[in-house]
Amino acid sequence: QVQLVESGGGLVQAGGSLRLSCAASGSIFRINNMGWYRQAPGNKRELVARIAVDIGSGTNYAASVKGRFTISRDNAQNTAYLQMNSLKPEDTAVYYCKAEVTNLRFVRDDYWGQGTQVTVSS
């Protein structure tokens with residue numbers, strides 16, 4: 001079993017910053033990719049940012065956050081981060097971490113965190 005624990009959400013004024021963390025633990029052989037998604041009320045869950053396991057293998061971002069958000073990871077700690085700068089009210093959503101994991105039985109599966117609320121006031 002694999003668990004993802006997110007932290008760092010909260011209430012911030014427009015133009016402010018927040019840093020989200022996602023720590024993975026459990027029966028992990030390898031985390032292949034990690035990503036952040038968000039879901040606002042009435043909307044579908046959407047990709048915010050994604051990072052590959054190998055350093056330099058690339059990241060990708062939603063167009064709406066490019067240049068403002070930065071995803072990073074610490075492979076030794078099985079942790080991903082999302083630095084969010086210049087926040088806008090439209091960034092308000094529940095943010096979810098996702099990890100694409102190969103477990104100790106060498107079975108590949110996707111795991112989600114419980115979500116953390118980010119609210120940006122105007």
Side-chain angles (χ1 to χ4, degrees):
Q1 189 74 326
V2 175
Q3 298 82 35
L4 301 182
V5 177
E6 299 140 339
S7 61
L11 172 65
V12 65
Q13 288 188 331
S17 298
L18 285 174
R19 188 190 193 214
L20 305 183
S21 299
C22 171
S25 62
S27 302
I28 299 169
F29 172 73
R30 172 186 167 99
I31 300 179
N32 305 300
N33 297 291
M34 297 186 81
W36 288 95
Y37 293 72
R38 67 187 181 186
Q39 187 168 17
N43 290 355
K44 294 182 179 179
R45 191 172 296 188
E46 62 175 1
L47 173 69
V48 176
R50 190 167 177 262
I51 185 167
V53 62
D54 297 319
I55 302 297
S57 293
T59 57
N60 58 289
Y61 296 89
S64 59
V65 307
K66 198 170 291 186
R68 300 187 298 121
F69 290 10
T70 302
I71 189 171
S72 61
R73 64 187 289 173
D74 181 339
N75 289 339
Q77 299 295 323
N78 287 334
T79 300
Y81 305 95
L82 185 68
Q83 178 66 42
M84 305 185 293
N85 299 328
S86 302
L87 281 160
K88 304 175 181 180
E90 50 264 44
D91 295 317
T92 296
V94 178
Y95 283 70
Y96 297 91
C97 176
K98 176 186 170 184
E100 302 165 18
V101 176
T102 299
N103 67 21
L104 296 179
R105 295 185 177 182
F106 304 106
V107 174
R108 192 178 180 284
D109 207 346
D110 294 342
Y111 296 87
W112 291 88
Q114 79 284 358
T116 185
Q117 177 70 46
V118 171
T119 303
V120 184
S121 63
S122 57

To the nearest 0.5 Å, what is the distance between OG (Ser122) and NZ (Lys88)? 14.0 Å

Report the hydrophobic cluster partners of Val2, with the cluster defined as I, L, V, M, F, W, Y residues connected by side-chain heavy atoms closer than 4.5 angstrom, directly or transitively. Leu4, Val12, Leu18, Leu20, Ile28, Ile31, Met34, Trp36, Val48, Ile51, Tyr61, Val65, Phe69, Ile71, Leu82, Met84, Leu87, Tyr95, Val101, Tyr111, Val118, Val120

I need the minimum non-hydrogen distance between Asn75 and Arg73, along with the two atoms involved. OD1-NE, 2.5 Å

Would you mind listing the cluster partners of Tyr81? Hydrophobic ones only (ILVMFWY), side-chain contacts under 4.5 Å, chaining allowed. none

For Ala93 and Gln117, which heavy atoms make the closest approach, and how far apart are they? O-NE2, 3.4 Å

Shortest non-hydrogen contact from Ser64 to Arg38? OG-NH2, 3.3 Å

Say whether, by atom type as modelled, one donor and one acceptor occur between the side chain of Glu6 and the main chain of Gly115 under 3.5 angstrom. yes

Are Phe106 and Leu104 connected, step by step, through hydrophobic side chains (Ile, Leu, Val, Met, Phe, Trp, Tyr) whose heavy atoms are closer than 4.5 Å? yes

Check the pair Phe29 / Asn103 against side-chain contact (heavy atoms from CB on, under 4.5 Å), numbers first and verdict last. CA-CA 5 Å; Phe29 172 73; Asn103 67 21; 5.9 Å; no

Checking Asn33 against Glu100 for the side-chain hydrogen bond (donor to acceptor under 3.5 Å, both in side chains) test, could you report, in this order, the C-alpha distance in whole Å, the side-chain angles of both residues, the deciding distance, and whether it holds? CA-CA 5 Å; Asn33 297 291; Glu100 302 165 18; 2.8 Å; yes

What's the shortest heavy-atom distance between Pro89 and Ala14, and which atoms? CD-CB, 4.1 Å

Give a yes or no on whether Val5 and Val94 share a hydrophobic cluster (residues Ile, Leu, Val, Met, Phe, Trp, Tyr; joining criterion: side-chain heavy atoms under 4.5 Å apart). no

Going through the checks in order, is the side-chain hydrogen bond (donor to acceptor under 3.5 Å, both in side chains) test met by Asn32 and Thr102? CA-CA 7 Å; Asn32 305 300; Thr102 299; 3.2 Å; yes

Point-to-point distance, once rounded to the nearest 0.5 Å, from CD of Gln1 to OG of Ser25: 10.0 Å

